[in-house]
Engineer: 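My questions all concern the structure below.
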Amino acid sequence: MQKERSFFKEIEEITEYDGSALDLLRPRLLLAAGIIIVFAALVFCRLWFLQISNNEEFLSKAYNNRVRVRELAAPRGHILDRNGVSLVTNRPSFNVLLVREDSGNEPSLMKRLAKVFDIDVARLWERIREAEHIPLHIPIQLQEDINWETLAYLENHKHEFPGIRIEVTPRRVYHYGDLAAHLIGYLGTISKRELMGSVEGEYSGRDKIGKMGLEKLRERDLRGEKGTSFAEVNARGFQQQLLKRVDPLPGRELHLTLDVKMQQVAEEIMNSEDKSGAVVALDVNTGRVLTLVSTPPIRLEEFIGGISQKNWDTYLNNIKKPLINKAVQGVYPPGSTYKMITALAGLEEGVIDLESVYYCPGYHAFGNRIYRCWKWSGHGAVNLTRAIAESCDVYFYQVGQLVGVDTLAEYAKKLGLGVKTGLEIEHEKAGLVPTKKWKRDRHNIKWQEGETLSIAIGQGYNLVTPLQITVMTAMLANGGKKYRPQIVEKVVNPNGEIVERFEPELIEELTGMDQHIRLIQEGMYEVVQGKRGTARIAKIEGLDIAGKTGTAQVVRLAQYKHLKEEDIPYKYRDHAWFTCYAPADKPEIAVTVLVEHGLHGSSGASPIAKAVLETYFADRLIAPEVAENKE
Amino acid sequence: MIRIDRRLITHFDWTLLLLILLICGMALLNLYSASYPPKAWGMPPYLKQSYLFLMGFTAILFIISFDYNELIFWNYPFYVTIIGLLVFAFFMGQSAGGAQRWIDLGFFRLQPSEPAKLMLVITLSSYYARKEVINGYSLKQLLAPIVLTTIPFLLILMQPDLGTALMLAIIFISMTVFVKLRLSTYLTLGGAALFAVVFAWYKLLKPYQKQRVQTFLNPENDPMGHGYQIMQSKIAVGSGGKFGKGYLEGTQGHLHFLPERHTDFAFSVWCEEWGFFGSMFFLGIYFFMLLWGLRVAMHAKDRFGMLLAYGVTMLIFWQAIINILMVLGFLPVVGIPLPLVSYGGSSLLTTLLALGILMNVRMRRFQPGKGEEVDTD
């Protein structure tokens, strides 16, 4: 003790035991006890506040912390043809997702991921930037449809990639490539506007939705219902256990009326000959669409997951306009296919009958103008059958002149022109059937009688779609019944229940015209089967076909008039039409072919229709031979 | 032949021992859950902590075997040793979280700032016991305690460990205020303290320390950083509800949402799994132990004993209340453990030694020379 005392010089004597001094301090101990009790009370209140009063709020926060609710994508409904052949199905696609809330050091993570994906890291950052407005706990997609190698690597090293998750979603498989691409359409990531417009909870940010064609129109049937899984995760986002799972409900199967073989044949010929145009085949007695081709095709694979700007520009700049579905969106002058309308109008209005004969010197003078027949040497004396069979313009100039443009328009509309056919497809065009009133309203110019002559042979202001011409042909074939063209045969639930079945839909029926229609049918029969018919090359052994060729003028520029056809620039060449039905005596199918800038209906278009018919009648065409051989 | 006063045995503080054992039992139970599931390698924390408890109780046995008044003599060697260790830790120690805090002793890593707290209690008790001033201490008389506190305070602050340094300051204030100061001393010291705080904020505090305070004041600004820890702790406690989620069933703790769940946030684990009533039971015992400590001070036979008992109790109290208020979201994350409950050898051994001193004071509360003496072998 001595030492210390010398160290602290001013230290006073330690009191041995001073009861009074200790008693002075004792109340201070009580004060300290008071402080402890006050703090204890504070802790008590705080615990009450957290655990009793606000328990529910914190319980839900704890739940949200640990439970990740995930959507399980529903396999999209398959698309099949009329014979049950699969056109479009699904395969699993492995996508890499990032939950930013769970990912640690993002720059290093992104760098490593970019290496794994073998892409530029900037692309990953772009994905993250795009999702800036999305809450952190919602996963964002970094990479879609990774290959097996990448998948295996990520699975084996998943602890090196916190916040990264693999998701399996169904991805479309196109078994026939781009077959019927315009009709089937494609899927794309849902847009903000589509998301806003949907029912709450139906879609979420990364969902695929039909963007075009049946994928879009039949979205309700094809999408199915999403499932949900509730999984417990730890703070780093790794799954600990599965709590609950509601399986997704697959989408409905969409059976089309389409015939894969016919569609294939038509597309192959059109594509192999590099033809731009459309092929349509309808069941004349029901309105079923058997074939609907538009070329050049779009490449569906390029559209999955969003088309690149470069590809899009290529499509836009292609003069053959692949993005347009020419069967329903392409409008062309009907050319000589219109002559059936002129004929029907003439017959019905009593202007002509089967006996009426006009003389064709190769031209027709009207007013102060000369209107040429396509055959400059002239057809001589022609009756209705010959006029159709040989497509004599002069005959129809005169019929048209007699009935007038407004009456022609009336019959054109009766036969389905100028109105949409009602096929389940987007952006169908109605075409144009000109009348005097139309011209006055549209151009504020009086109708010139000479223009009626052009209309009567299908040129001028007339505009039709290949589908409309097919509907017209089908009506002429079936005696005047106008069916709405339909593409869906049936819709089947995953449990096999048929929720929608094809039902023919009669829109309109021309009554009392049977006699006159039969006369027109005879003319159309001669077009293919007759000795001087314009489409003799479409003749098929063992099958009677009735049809009509057509050439739609694109321009009437004098400078090209006398050029050889091959020398006319592509975009100024005439369009080639051919429309037909078969068998001629008991019609089943109507086929129309339009080849843009294909020059002549007979050579440019009819061989394609022939190939489609051969495919349709393949069984019956071989059968007689077999029967003969047996004999 | 050692002569042991029989009163040492009759006066042995069985209540305090029981309280300590209860708390330690709950702490081990909690630690098992907080480090569950056990890692594949290394000794699980609850087992390591059990050994440390045994070590600690051995130390208690040692410390109660001699009169606490001996500490007045041992105080300075003890003080010098601790300062030496702090200096050593500062220059040669191991760093954790950017701070030089540890000295590796092989079997466990010593954090000298922990025993420094107890050392300060003993030093101040010893000084104030020897220098008794009835009318209150003058500033001049406080010079020595201030210097004795400032040396370890600065050493710990420079590690940097703001929480523990502040703890030393709080101990100093608690004990100095207790022994009565003159009014002028209060005013001067209060003014100086205010100045020091302002000066520290602008000149001394490291950015991360400032951020902690700011985060505490406005946790929503930083939901993923320090605010995250407090938020997760509140969620853990709050989601416990009345009866808790059940032992080993706490989701916040076991799924790692809770940070530092076996050290600073151990109480959070307890609250989540045992609920409001479980927390009340634990706190009831804990606060009862603290009040018991003050009772020991109340009945101490001399000034040194009273100061020791009071100082030791306040040392445990302040750490506990700061830790609990932090866990409950009332204070910023300062890295102060909950004595006896948070995992960590230095803190545990220090606390048990402190409680040993408390027992020592309790055992020797009788007046010297007035009891019987017994011979034993």
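Note on naming: letters A, B, ... go to the chains in the order of the sequence lines (proteins, then strands), and numbering restarts at 1 for each one. No hydrogens, no waters, no symmetry mates; every other heavy atom, side chains included, goes into these values. What you are looking at is a predicted structure, and each value in this text was computed from that prediction instead of being measured.
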Engineer: Is a donor on one side and an acceptor on the other found under 3.5 Å between the side chain of A:Arg26 and the backbone of B:Ala297?
Structural biologist: no

Engineer: Could you tell me which non-hydrogen atom of A:Asn65 sits nearest to which non-hydrogen atom of B:Gln252, and how far apart they are?
Structural biologist: ND2-OE1, 2.8 Å

Engineer: Between atom CE of B:Met298 and atom CG of A:Leu25, what is the distance when rounded to the nearest 0.5 Å?
Structural biologist: 11.0 Å

Engineer: Given the options B:Phe304, B:Phe178, B:Phe287, which has more heavy-atom pairs under 4.5 Å with chain A than any of the others?
Structural biologist: B:Phe178

Engineer: Grab the two heavy atoms, one from A:Arg46 and one from B:Gly329, that are nearest each other, plus how far apart they are.
Structural biologist: NH2-O, 3.8 Å

Engineer: To the nearest 0.5 Å, what is the distance between CG on A:Leu47 and CZ on B:Phe277?
Structural biologist: 11.5 Å

Engineer: Which heavy-atom pair separates A:Gln51 from B:Gly240 by the least distance, and what is that distance?
Structural biologist: NE2-CA, 4.2 Å

Engineer: Taking side chain as everything from C-beta outward and backbone as N, CA, C, O, which of these in A:Glu56 sits under 4.5 Å from a heavy atom of chain B? Side chain, backbone, both or neither.
Structural biologist: neither

Engineer: When the side chains of residues 35-42 of chain A are checked against the rest of the protein, which donor-acceptor pairs come out under 3.5 Å, sequence neighbours left out?
Structural biologist:
none

Engineer: Please name the pair of heavy atoms, one in B:Gly238 and one in A:Asn55, separated by the smallest distance, quoted to 0.1 Å.
Structural biologist: O-ND2, 2.8 Å

Engineer: Rounded at 0.5 Å granularity, tell me how far CD1 in B:Ile235 sits from OG in A:Ser60.
Structural biologist: 8.5 Å

Engineer: Under a 4.5 Å heavy-atom cut-off, does chain A meet the side chain of B:Met306, its backbone, both or neither?
Structural biologist: side chain

Engineer: Which atom pair, heavy atoms only, marks the closest approach of B:Lys245 to A:Leu59?
Structural biologist: CE-CD2, 4.3 Å

Engineer: Heavy-atom cut-off 4.5 Å, strictly under: side chain, backbone, both or neither for B:Leu325 against chain A?
Structural biologist: side chain

Engineer: Which one of B:Lys242, B:His254, B:Lys180 has the most heavy-atom pairs closer than 4.5 Å to chain A?
Structural biologist: B:Lys180

Engineer: Using non-hydrogen atoms and a 4.5 Å limit, figure out which bit of B:Leu294 sits close to chain A: side chain, backbone, both or neither.
Structural biologist: both

Engineer: Could you name the residues of residues 149-158 of chain A that have a heavy atom within less than 4.5 Å of a heavy atom in chain B?
Structural biologist: none

Engineer: Within a 6.0 Å radius of atom CD on A:Glu57, are there more than 12 heavy atoms belonging to other residues, nucleotides or ligands?
Structural biologist: yes

Engineer: Would you check, one step at a time, whether the test side chain to side chain contact (heavy atoms under 4.5 Å, CB included) holds for B:Val237 with A:Phe58?
Structural biologist: CA-CA 8 Å; B:Val237 174; A:Phe58 288 115; over 6 Å; no

Engineer: Go through the structure and list residues passing salt bridge (Lys or Arg N to Asp or Glu O under 4.0 Å) with B:Arg295, not counting sequence neighbours.
Structural biologist: none

Engineer: Quick check on the interface: out of A:Phe49, A:Trp48, A:Tyr63, who has the most heavy-atom pairs with chain B under 4.5 Å?
Structural biologist: A:Trp48

Engineer: Which region of B:Ile324, side chain (C-beta onward) or backbone (N, CA, C, O), has a non-hydrogen atom less than 4.5 Å from a non-hydrogen atom of chain A, or is it both or neither?
Structural biologist: side chain

Engineer: So if I take each residue of residues 121-129 of chain A and look for any heavy atom under 4.5 Å from a heavy atom in chain B, which residues do I end up with?
Structural biologist: none

Engineer: Check whether more than 12 heavy atoms from other residues, nucleotides or ligands sit under 6.0 Å from atom CZ of B:Phe78, and answer yes or no.
Structural biologist: yes

Engineer: Counting only non-hydrogen atoms closer than 4.5 Å, does A:Phe44 touch chain B with its backbone (N, CA, C, O), its side chain (CB onward), both, or neither?
Structural biologist: both

